Amino acid sequence: RERTMMAKMAIGGVCLATWIDFGFFYVKDSSVNWRFPIAFQSIFAIIVLSLILFLPESPRWLIVKEDYAAAEHVLARLYDVPEGSELARSEVDVIRHSIALEQIGSSTNPFALTKNRHLQRTLTCITVNILCQMTGVNIVTFYSNTIFQDILNYDGVQSRIISGCMQIWQVICAVTSILLIHRLGR
């Protein structure tokens with residue numbers, strides 16, 4: 001679920017950047033036309049850095065550090081149940097059991113040949129990312145203004161409007177596909 005949310009946010013960010021670029025295309029003879037779009041990105045980093053201070057510690061990390069009471073407190077807040085509830089206690093037990101199983105003859109090396117198939121999982125992740133990049137979609141996404149303007153001979157405004165619309169269409173398709181996958185299954 002988190003990965004699908006990150007994908008939506010990444011595609012939405014590219015769409016937002018395209019329309020910001022379009023807006024600042026009209027600012028001529030000033031460095032603000034390239035400085036603002038670059039500086040604008042820092043707003044999101046500042047928001048994340050400010051809010052991360054209010055996040056509780058990970059229950060798993062707390063259990064590894066043997067702070068079971070704090071882990072139970074965090075899980076109770078996460079599940080919106082009272083502290084000391086059976087649900088929070090059972091979750092702590094499940095995580096403790098999971099950590100114990102992982103520590104029996106396992107390795108933290110992502111390239112190790114283990115019974116948990118670390119090497120296979122690592123190579124699968126690397127391969128999927130390489131194949132995604134080899135599709136060439138990023139060239140169209142990031143250089144669409146140049147493609148429309150220099151190769152297809154649209155003017156600056158038309159190329160940016162077409163690029164922005166293309167980004168909106170990409171957001172719509174990504175959100176639709178994610179919703180369909182969740183409803184219909186993989």
Side-chain angles (χ1 to χ4, degrees), residues 1-18 41-42 44-81 85-144 147 166-186:
R1 212 176 165 108
E2 290 82 19
R3 280 184 254 156
T4 57
M5 181 57 86
M6 288 190 317
K8 289 180 198 176
M9 297 299 281
I11 294 169
V14 171
C15 183
L16 178 64
T18 301
Q41 300 170 53
S42 66
F44 300 103
I46 290 168
I47 291 170
V48 169
L49 288 173
S50 300
L51 294 178
I52 202 165
L53 299 172
F54 300 103
L55 289 176
E57 295 294 343
S58 160
R60 183 178 174 81
W61 183 83
L62 290 168
I63 291 170
V64 167
K65 298 295 181 187
E66 297 182 1
D67 191 354
Y68 305 117
E72 188 176 320
H73 172 75
V74 170
L75 287 166
R77 284 182 55 202
L78 179 67
Y79 289 118
D80 197 26
V81 295
S85 72
E86 185 60 35
L87 177 62
R89 272 194 221 116
S90 67
E91 282 295 315
V92 168
D93 291 339
V94 166
I95 295 171
R96 284 178 71 179
H97 182 70
S98 168
I99 290 170
L101 286 176
E102 288 174 5
Q103 292 174 346
I104 298 173
S106 68
S107 171
T108 58
N109 180 354
F111 297 102
L113 287 169
T114 63
K115 64 181 179 188
N116 291 337
R117 302 182 332 214
H118 284 17
L119 179 63
Q120 178 186 358
R121 292 176 180 185
T122 302
L123 292 177
T124 300
C125 290
I126 291 170
T127 303
V128 165
N129 281 297
I130 287 172
L131 292 174
C132 286
Q133 293 301 314
M134 290 177 65
T135 63
V137 72
N138 286 345
I139 290 176
V140 174
T141 299
F142 297 121
Y143 294 104
S144 58
I147 292 169
M166 185 180 71
Q167 298 307 327
I168 290 172
W169 179 248
Q170 195 172 8
V171 169
I172 291 169
C173 290
V175 170
T176 303
S177 67
I178 290 168
L179 292 173
L180 284 174
I181 287 171
H182 284 302
R183 300 251 192 260
L184 303 177
R186 299 190 187 277

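In this text the structure is predicted, and so the values were computed from the model without any measurement.
Looking only at side-chain heavy atoms (C-beta outward), Val140 and Met166 come within less than 4.5 Å of each other. In this structure, the side chains of Pro59 and Glu91 stay at 4.5 Å or more apart for every pair of heavy atoms. By the 4.5 Å heavy-atom criterion applied to side chains, Ile11 and Gln167 are not counted as neighbours.
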Chi angles and distances behind the side-chain contact (heavy atoms from CB on, under 4.5 Å) call for Leu16, Phe44
CA-CA 12 Å; Leu16 178 64; Phe44 300 103; 4.0 Å; yes
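Among residue pairs with one or both ends in residues 92-101, none qualify as side-chain hydrogen bond (donor to acceptor under 3.5 Å, both in side chains); sequence neighbours excluded.
Ala17 pairs by the side chain to side chain contact (heavy atoms under 4.5 Å, CB included) definition with nothing, not counting sequence neighbours. Residues satisfying the side chain to side chain contact (heavy atoms under 4.5 Å, CB included) criterion with Leu55, sequence neighbours excluded, are Ile52. Contacts of Val128 classified as side chain to side chain contact (heavy atoms under 4.5 Å, CB included), with partners at least two apart in sequence or in another chain: Thr124, Cys132. With sequence neighbours left out, Arg77 forms a side chain to side chain donor-acceptor pair (under 3.5 Å) with no residue at all.
Checked against Ser50 for a side chain to side chain contact (heavy atoms under 4.5 Å, CB included), the options Ile46, Val48, Ile47 give a single hit: Ile46. Of the candidates Ile172, Ile178, Leu179, Ile172 is the only one forming a side chain to side chain contact (heavy atoms under 4.5 Å, CB included) with Thr176.
Closest heavy-atom contact between Leu75 and Ala88: CD1-O, 4.1 Å. Nearest heavy atoms, Ile95 versus Arg60: CG2-CA, 4.1 Å. The two residues Cys15 and Ile168 have their closest heavy-atom pair at SG-CG1, 3.6 Å.
Enclosure of atom CG in Leu78 by more than 12 non-hydrogen atoms of other residues, nucleotides or ligands within 6.0 angstrom is indicated. Counted within 6.0 Å of CG on Asp80, heavy atoms from surrounding residues, nucleotides or ligands total 12 or fewer; the atom is thus considered open.
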Identify each donor-acceptor pair in which a side-chain atom of residues 63-72 lies under 3.5 Å from a protein atom, sequence neighbours left out, and give them as a table.
| residue | atom | partner | partner atom | Å |
| --- | --- | --- | --- | --- |
| Asp67 | OD1 | Ala70 | N | 3.4 |
| Glu72 | OE2 | Gly84 | N | 3.3 |

